[in-house]
*Asks:* 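Structure below; questions to follow.
From a predicted model like this one, the values you see are computed outputs, not experimental measurements.
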Number of protein chains: 2
Amino acid sequence: MKAVIDENVLHDLCCEEDHSGLKEHMALVKKLNNEIPPEEELFDLADFFKVFGDCTRIRILCALLYGEMCVCDIAQALSMTQSAISHQLRVLKQAALVRSRREGKTVYYMLSDDHIISILSQGLEHIEE
Amino acid sequence: MKAVIDENVLHDLCCEEDHSGLKEHMALVKKLNNEIPPEEELFDLADFFKVFGDCTRIRILCALLYGEMCVCDIAQALSMTQSAISHQLRVLKQAALVRSRREGKTVYYMLSDDHIISILSQGLEHIEE
DNA sequence: CAAATATATGAGCAATCGTTCATATGTTAT
DNA sequence: ATAACATATGAACGATTGCTCATATATTTG
């Protein structure tokens, strides 16, 4: 192993102008218990991000930023078929990114929590560079 | 449009016990200039998250949490072929998630900034629920 | 220069993904 | 019950993805 380990990483982080990364790094390393997490957890993590990795799903999430919407309105807003939207809403729901509420014939979807907003926001920050 | 708009969202957020989401929401809405961002930006955002949406790439990023590593060591650490790792490092590099440094025959890869750490960390937080 | 080592890359293939189309399920109104 | 509307879902198909294998490029050493 030629890899530079542990303390050097912390040293590098400490020597940067922006110290905000250090706390997050420590939190993550603590969370990881100083080891690469078990395969299963990394698999879940990849699966989680995979859901964000599709333009249609991102557009749905952005549409829901402004409040809950029913399926047909989302479809109309994105100029896509009801079926396509419904399929993707299922993916989003399985990943717990959205939840739904039925009101008669129509089903309203909304973001399941505002964790999602900060993840989207952080992604946007990164690509604007 | 049956969608609930704007102020209602803010109202909902204000009425939650945890107020931490509001600031982030406002930041994002401000960033979006109160509109769904142009298709191109959402496309880029999806592309960005897509990179995190693969188990091998996540494992590489986690390996690099502890410091820079050369290609063959990453391959050994993850029990994968050098070629597979090299292909994925290219994807990670194109997405600006890693950068590399050549030292003789060997090429060392490292995380390009600690933004990535906080994104990983935030993802882990979400799946641990 | 040739050999050895580390990395990068192109072609090909199996698997996964996102959409469409047809159809099923669920709800309301007549 | 029947019709109308909203949503969900299964099959199928084209596109994309991640790996393997073979080979190319780059660097060091003899």
*Asks:* For D/dA8, does OP1 or OP2 lie under 4.0 Å from any side-chain N or O of A/Y109?
*Replies:*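 For D/dA8, OP1 or OP2 has a side-chain N or O of A/Y109 closer than 4.0 Å.
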*Asks:* Would you say A/T56 places a side-chain N or O within less than 4.0 Å of OP1 or OP2 belonging to C/dT19?
*Replies:*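 Result: yes.
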*Asks:* Where the side chain of B/S83 is concerned, which of C/dT19, D/dC19, C/dG10 is the nearest nucleotide?
*Replies:*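 In terms of side-chain proximity for B/S83, the closest of C/dT19, D/dC19, C/dG10 is C/dG10.
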*Asks:* Take the protein atom NZ of A/K93 and the nucleotide atom C1' of D/dT9, then report the distance between them rounded to whole Å.
*Replies:*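 Whole-Å distance recorded here is 14 Å.
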*Asks:* Nearest whole Å is fine: how far is D/dC19 C1' from B/L78 CG?
*Replies:*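 Taking atom C1' of D/dC19 as the reference, CG of B/L78 is at 14 Å.
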*Asks:* With a cut-off of less than 4.0 Å, is there a side-chain N or O of B/Q88 near OP1 or OP2 of D/dT17?
*Replies:*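 B/Q88 to D/dT17 OP1/OP2: no side-chain N or O under 4.0 Å.
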*Asks:* Whole Å only: how far is the CG atom of B/D54 from the P atom of D/dT16?
*Replies:*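 That distance rounds to 18 Å.
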*Asks:* Starting from P on C/dA6, measure out to CZ on B/R90 and report it in whole angstrom.
*Replies:*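 The answer, rounded to whole Å, is 22 Å.
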*Asks:* Can you check the B/Q76 CD to C/dT7 P distance for me, whole Å?
*Replies:*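 Rounded to the whole Å, the gap is 12 Å.
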*Asks:* Of all the nucleotides listed (D/dT7, D/dT20, C/dT9), which has the minimum atom distance to the side chain of A/V107?
*Replies:*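 The closest nucleotide is D/dT7.
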*Asks:* With a 3.5 Å cut-off and heavy atoms only, can you find an N or O donor on one side and an acceptor on the other between the side chain of B/H87 and the base of D/dT20?
*Replies:*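 Answer is yes: a donor-acceptor pair is held.
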*Asks:* Mind checking the CD1-CG spacing from B/I119 to B/L124? Nearest 0.5 Å is all I need.
*Replies:*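 Taking CD1 in B/I119 and CG in B/L124, the distance rounds to 12.5 Å.
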*Asks:* Starting at atom NZ of B/K50, determine the distance to atom C1' of D/dG18, rounded to an integer number of angstrom.
*Replies:*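 One finds 14 Å between C1' of D/dG18 and NZ of B/K50, rounded.
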*Asks:* Please report the shortest heavy-atom distance between A/L89 and A/V98, naming the atom on each side.
*Replies:*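 Smallest interatomic distance, heavy atoms only, reads O-CG2, 4.1 Å.
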*Asks:* At what distance, to the nearest 0.5 angstrom, does CG of A/D54 lie from CG of A/L61?
*Replies:*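 Those atoms lie 10.0 Å apart.
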*Asks:* Using only side-chain N and O atoms of A/R57, determine if any of them is under 4.0 Å from OP1 or OP2 of C/dG18.
*Replies:*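 For C/dG18, OP1/OP2 do have a side-chain N/O of A/R57 under 4.0 Å.
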*Asks:* Nearest-nucleotide wise, let me know which of B/A84 and A/V91 is further upstream toward the 5' end of DNA chain C.
*Replies:*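 Result of the comparison: B/A84.
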*Asks:* If the test is side chain to side chain contact (heavy atoms under 4.5 Å, CB included), which one of A/L111, A/I116, A/T56, A/V51 qualifies with A/L92?
*Replies:*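 Considering A/L111, A/I116, A/T56, A/V51, a side chain to side chain contact (heavy atoms under 4.5 Å, CB included) with A/L92 is found only for A/V51.
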*Asks:* Does a nitrogen or oxygen in the side chain of B/T81 sit under 4.0 Å from OP1 or OP2 of D/dT20?
*Replies:*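 It does, given that an N or O in the side chain of B/T81 lies less than 4.0 Å from OP1 or OP2 of D/dT20.
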*Asks:* Rounded to whole angstrom units, what separation is found between the NZ atom of B/K105 and the C1' atom of C/dT5?
*Replies:*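 So the two atoms are 4 Å apart, to the nearest Å.
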*Asks:* I want to check one thing: is the phosphate of C/dT27, taken as OP1 and OP2, less than 4.0 Å away from some side-chain N or O of A/R102?
*Replies:*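 Answer yes for this pair, as a side-chain N or O of A/R102 is under 4.0 Å from OP1 or OP2.
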*Asks:* Rounding to an integer number of Å, can you tell me how far A/M80 CE sits from C/dG18 C1'?
*Replies:*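 The distance from CE of A/M80 to C1' of C/dG18 comes to 8 Å, rounded to the nearest Å.
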*Asks:* Using only heavy-atom distances, decide whether a donor-acceptor pair under 3.5 angstrom links the side-chain of A/Q82 to the base of D/dA8.
*Replies:*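 In this structure, the two groups form a donor-acceptor pair.
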*Asks:* Determine the interplanar angle of the A/F52 and A/F48 rings, folded into 0 to 90°, and report it as parallel if under 30°, tilted if 30 to 60°, perpendicular if over 60°.
*Replies:*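 If you compare the ring of A/F52 with that of A/F48, the planes turn out perpendicular.
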